[in-house]
Structures are given as structure tokens and as C-alpha cells.
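All of these numbers come straight from a predicted model, not from anything done at the bench. The figures that follow rest on heavy atoms only: side chains count, while hydrogens, waters and symmetry mates do not. FYI, the numbering just counts along the sequence from 1.
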Amino acid sequence: MMSLPIIRVHWLDQSRAFRLLWLLDHLKLEYEIVPYKRDANFRAPPELKKIHPLGRSPLLEVEDRETGKKKVLAESGFIFQYVLQHFDHSHVLMSGDSDIADQVNYYLFYGEGSLQPPLMIEFVLSKVKDSGMPFPISYLAGKVADKISQAYSGGELKNQLDFLEGEIKKNNGYLADGKLSGADILISFPLQMAFERKFAKAEDYPVIAKWLETITSEDSYAVSKEKARALGSKF
């Protein structure tokens with residue numbers, strides 16, 4: 001049996017990179033963490049651009065133990081797809097059934113392509129309203145932010161949450177096949193943020209709330225959380 005490559009996670013504190021730790025820990029894969037700290041403006045440090053030109057996190061570095069050849073993977077959905085395809089041979093988080101596998105892969109693209117955009121706009125608009133600008137500028141900025149939310153992001157986020165509420169209910173408490181998959185781990189972050197930032201209420205989405213409670217009770221979640229805390233992330 002061929003040995004697995006060296007796996008390195010280029011980790012940025014207070015970022016979505018936690019999901020990659022959780023994925024790797026649940027698959028019981030050995031990996032190294034290369035940590036980076038945000039600057040005073042909460043931006044990623046320039047050192048990350050030495051690993052990948054976009055300088056974002058997470059980045060997954062895979063090094064062949066025999067040849068030393070390295071590849072660097074960016075974009076969370078693609079990273080998840082790569083890990084599941086190349087390392088989840090026992091189908092722990094990726095089904096061996098092609099139809100269910102397609103469903104899991106769909107969510108790996110859906111998370112960043114459909115769910116994250118309105119959530120991010122709502123986050124930016126909330127920052128505009130809480131920016132501390134003097135009156136009457138703050139009042140006008142708040143009105144503009146509310147209009148944008150009403151016209152697009154607020155309604156679109158509700159559309160996405162309603163969709164997921166129905167999908168999880170239909171699939172027996174998970175996104176696919178009634179059990180934990182890579183899709184659940186990837187989608188966990190934006191839905192946690194939706195509740196924490198009060199863009200959604202648990203009483204309006206009880207199925208999603210129960211799903212989050214269930215998946216974050218996994219032992220692998222606790223293991224990854226301790227690693228993230230040791231690196232400076234707050235939970």
C-alpha cells in the first residue's frame with residue numbers, strides 16, 4: 001500500500017479554515033498546521049501570498065513523500081472535493097453511491113456559490129449600520145443598508161435558509177443520505193454565522209438548529225476545536 005502524502009493546512013486564525021481541520025480529523029488523517037495571524041486591519045498577512053497568489057486561507061498543501069513534488073489547493077469546496085476523492089476510500093464522509101456522491105458534491109459548490117453571497121452582503125450591511133458614523137449620516141446609511149437588504153440579500157438569504165430547512169428534513173436530519181458527510185461539515189460555518197449574527201432565528205429554523213447541534217456533537221468537532229483554540233481562534 002502506498003503511503004499517504006504529507007498534508008499541510010495553511011491556517012489563518014479567525015477564518016473558515018476550521019472546517020478543513022474538522023474534515024481531516026473526522027477522516028483520521030495525519031496533517032501539519034502552518035499558522036498565520038491576521039494583521040491589525042483583520043487582513044491575511046502577506047506571507048500567505050508566498051504559498052498561493054491570492055493569499056487566502058485555507059490552503060491545502062500536498063507533498064509526495066517519495067518525489068517531494070508539492071501541489072497547493074485553494075477554495076474550500078475544491079479542497080473538500082479533493083480530500084474526499086483522494087483520501088476517503090472507506091466512504092466515511094463521501095458515499096460510494098454515485099447519486100448520493102453527486103448530492104454531496106453539489107453542496108460543496110452550493111455553499112460558496114449560493115449560500116455565502118447573501119450572507120456576506122447581510123454581514124457587510126450590518127457593519128455599515130454599526131460603523132459609528134455621526135448622525136445624520138448614520139441614519140441615512142442605515143436606511144440605505146435596509147433598502148439593499150429588503151431588495152436583495154435579506155430575501156435571498158431567507159430563500160436559501162428555507163431551502164436548507166426542507167432539504168435537511170427530507171434527508172433525515174442531514175444534507176445527504178441521512179448521515180454526516182463532507183457537505184454537512186462545509187455548510188456548517190455559514191449557517192452557524194447566520195444564527196450567531198442574528199440573521200436567522202433558531203425558532204424559525206428548528207431543523208437547521210437541531211442539525212447544527214447534532215453535527216457539532218461529533219468527537220472530531222471537539223478535537224478540531226481544541227486545535228483551533230490552541231492556534232488562537234475563539235469559540
*Output, in order, the C-alpha distance, side-chain angles, deciding distance and verdict of side-chain hydrogen bond (donor to acceptor under 3.5 Å, both in side chains) for Asp177 and Ser95.*
CA-CA 8 Å; Asp177 198 30; Ser95 177; 4.6 Å; no
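- Shown are Arg56, Lys37, Arg38; of these, the side chain to side chain contact (heavy atoms under 4.5 Å, CB included) with Leu12 is made only by Arg38.
- Side-chain contact between Leu93 and His26 is present, with heavy atoms from C-beta onward closer than 4.5 Å.
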*Which is it for Asp25 and Tyr221 under the side-chain hydrogen bond (donor to acceptor under 3.5 Å, both in side chains) test, yes or no, and what are the steps along the way?*
CA-CA 8 Å; Asp25 283 327; Tyr221 181 83; over 6 Å; no
*Mind running ring-ring contact (aromatic ring centres under 6.0 Å, His included) on Phe163 and Tyr110 for me, showing each step along the way?*
CA-CA 12 Å; Phe163 166 70; Tyr110 164 85; 5.6 Å; yes
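- Salt bridge annotation for Arg229-Glu226: present, with a cationic side-chain nitrogen under 4.0 angstrom from a carboxylate oxygen.
- Of the residues Ile208, Val207, Thr214, Leu212, the one that meets the side chain to side chain contact (heavy atoms under 4.5 Å, CB included) test with Lys210 is Thr214.
- Both tests do not hold together for Arg197 against Phe199: distance to the six-membered ring centre under 6.0 Å, angle to the ring axis within 45°.
- Of the listed residues (Ile33, Leu59, Leu20), just one forms a side chain to side chain contact (heavy atoms under 4.5 Å, CB included) with His10, and that residue is Leu59.
- Between Lys201 and Phe195 the shortest side-chain heavy-atom distance does not fall below 4.5 Å.
- A distance of 6.0 Å or more separates the ring centres of Phe78 and Phe109.
- Ring-plane geometry between Trp22 and Phe18 is classed as tilted, the angle between the planes lying from 30 to 60 degrees on a 0 to 90 degree scale.
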*Take Gln85 and Gln81 through the side-chain hydrogen bond (donor to acceptor under 3.5 Å, both in side chains) test and state the conclusion after the steps.*
CA-CA 6 Å; Gln85 179 182 347; Gln81 188 178 57; over 6 Å; no
